[in-house]
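The basis for the numbers below is simple: all heavy atoms, side chains too, and nothing from hydrogens, waters or symmetry mates. Convention: sequence-line order gives letters A, B, ...; per-chain numbering from 1.
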Number of protein chains: 2
Amino acid sequence: MSPYDPSAYPPFAVTVDLVVLTVRRHALCALVVRRGEPPFQGRWALPGGFVRGDEDLSAAAARELTEETGLCAQDPAATAPAPGNGAHLEQLATYGDPRRDPRMRVVSVAHLALAPDLPAPRAGGDAHSARWAPVEDLLSQDGGFGREDEQPAPLAFDHAQILADGVERARSKIEYSSLATAFCPAEFTVGELRRVYEAVWGVALDPRNFHRKVTGTPGFLVPAGGTTTRQGGRPAQLFRAGGATLLNPPMLRPEV
Amino acid sequence: MSPYDPSAYPPFAVTVDLVVLTVRRHALCALVVRRGEPPFQGRWALPGGFVRGDEDLSAAAARELTEETGLCAQDPAATAPAPGNGAHLEQLATYGDPRRDPRMRVVSVAHLALAPDLPAPRAGGDAHSARWAPVEDLLSQDGGFGREDEQPAPLAFDHAQILADGVERARSKIEYSSLATAFCPAEFTVGELRRVYEAVWGVALDPRNFHRKVTGTPGFLVPAGGTTTRQGGRPAQLFRAGGATLLNPPMLRPEV
DNA sequence: ACAAAAGTGTTATAACTACACCCATGA
DNA sequence: TCATGGGTGTAGTTATAACACTTTTGT
């Protein structure tokens, strides 16, 4: 590396942006906040903020996640899912185009969070308002708010690209890991887990084969003991996430 | 996000570090350069450097790659492999622990490059000397230079972690993509491609099943027309990388 | 002739797809 | 009694692992 004279390198701002995904009403949704100031004033954006001087990148992402949602980042080393409001959090990718922010050079380290369905987004910190929006709407040409009572604009900055990358990461990662359980509450049924896969992938899965597959994969699910009938029909067994993180063989999404 | 007052955020330096991998003499090797100044003076490190003020992250990584090796980053949108010295280049991950550099806050966006076997590393730019070292040696406890005529020290900074992450990315990515061909010259035999897989994964593969698998995957390999006998034995057909980037079904590495 | 590497055939097993069928509840 | 979702059985298909065998060169 070159010498470390502070004048020898250009000034950078480093931020973290969050792709927070959840499944609500059979749809994959992302958390977006409305910008209160220029540029892109009034437009929707991913939550995020500056990394502090003494803070690791993952710590900054966890802090922003808690500020925006009240969720706690789940320790990847923990053997069991965190009790209460735990969410999966991992680094996604870094975006540093010199013109991605019109005012200054900002490098953003995007993170991906997967959360169970929450009561309501909490507009904390410096976010003026927040909402869960279906990613399908956010990534369509007009930003999914094409009706007269909403903003017809796509996401601010390069956040549409970041969101698309985060969604693709989530879609591929639930194939070979047990991460889909991060979208579920602590106890859930096989049918609820299947509806998570169907919402994230946007496909319909065979309930019979899905049931055999997930219950037959060692370590994926462990019985929680009870049953529930909240979906109607025959009562279903309740499960918790097992200790396995990697699925072998994987859950492959249908090709066509 | 918070206001963009320049005094409101701490000063960051942003660098790119490169994990450049190749296969030499049946071993997966990484490019390392010897540091000429403190800290870690005399120790081996990954090549890298500062991102310039008007430069995208991928452009900075491509520039460093060319400076250190003479390789050109291959356009991912290109349909055919670049003629001549083309290498695969992709973003790996970003490392930003506040104490990863003892002197200042440096956030490093690591990139992964996969290159065919090159004549010799070229110590260009500010690198005083450069070499290809087996990753197995670099990642062992003593840095793989435990003999009296070499440095018994592991890699500088957190570069051992970055290298380990890059190697794991390469190992998993050749499973489901055609990236293993990036380690091969423009024309190569099935046996040469198999030795790439064996070196990267550190396992022995069945030559018969491997041959059937890769030649049967549509778009992976296209015949180049000739044969070669440079490996001894019966002449082998020469192939080029086909247009396919994703392998379906994947090449799975043996479990045990 | 022999070694070495390329390439083909065959068989057993594992995993997936598709779908018939039964089970247990609420309305 | 019927609709709804939960759960099991089974047959056909695809992919893989293991290994016998033939082919084509250099020495």
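Of the candidates C/dA24, C/dA15, C/dC19, C/dA15 carries the atom nearest the A/Pro249 side chain, counting heavy atoms from C-beta on. Listed candidates were C/dG26, D/dC21, C/dT10. Nearest to the side chain of B/Arg208 is D/dC21. Of the listed nucleotides (D/dA17, D/dG5, C/dA6), C/dA6 has the atom at the smallest distance from the side chain of B/Ala236.
Map A/Arg212 and A/Gln231 each onto its nearest nucleotide of DNA chain D; the residue landing nearer the 5' end is A/Gln231. Where B/Glu192 and A/Met251 each meet DNA chain C at their nearest nucleotide, the meeting point lying more 5' is that of B/Glu192. Nearest-nucleotide assignment on DNA chain D puts the 5′-proximal partner with A/Gln237, out of B/Gly232 and A/Gln237. Residue whose closest nucleotide on DNA chain C sits further toward the 5' end, between A/Pro235 and A/Asp206: A/Asp206.
We find the OG-CE distance between B/Ser178 and B/Met251 to be 12.0 Å, quoted to the nearest 0.5 Å.
Here the P atom of nucleotide C/dA14 and the CG atom of A/Leu252 are 19 Å apart, to the nearest Å. Between the CG atom of B/Leu205 and the P atom of C/dA6 there is a distance of 13 Å, rounded to whole Å. The nearest whole Å value for the distance from the CZ atom in B/Phe210 to the P atom in D/dC19 is 20 Å. Rounded to whole Å, atom C1' of C/dA14 lies 11 Å from atom NZ of A/Lys213. In this structure, CG of A/Leu193 is placed 16 Å from C1' of D/dG5, rounded to the nearest angstrom. Here C/dA6 presents its P atom at 14 Å from CG of B/Asn209, a figure rounded to the nearest Å. Here C/dT25 presents its P atom at 16 Å from CZ of A/Arg230, a figure rounded to the nearest Å. Protein atom CZ of A/Phe239 is 10 Å distant from nucleotide atom C1' of D/dG7, rounded to whole Å.
One finds no side-chain N or O of B/His211 lying less than 4.0 angstrom from the OP1 or OP2 phosphate oxygen of C/dA6.
The base of C/dA24 is not paired with the side chain of A/Arg234 by any donor and acceptor separated by under 3.5 Å. On a pure distance criterion of 3.5 Å, no polar donor-acceptor pair joins the side chain of A/Arg194 and the base of D/dG6.
B/Arg194 places none of its side-chain heavy atoms less than 4.5 Å from the side chain of B/His211.
Contact annotation for A/Pro250: backbone-only contact, meaning every heavy-atom pair under 4.0 Å involves sugar-phosphate atoms and none involves a base.
Taking the six-membered ring wherever Trp is involved, the centroid distance between the rings of A/Tyr197 and A/Phe210 falls below 6.0 Å.
Between the side chain of B/Gln91 and the backbone N or O of B/Ala110 there is no donor-acceptor pair closer than 3.5 Å.
Heavy atoms of other residues, nucleotides or ligands lying less than 6.0 angstrom from CZ of A/Arg25 number 12 at most.
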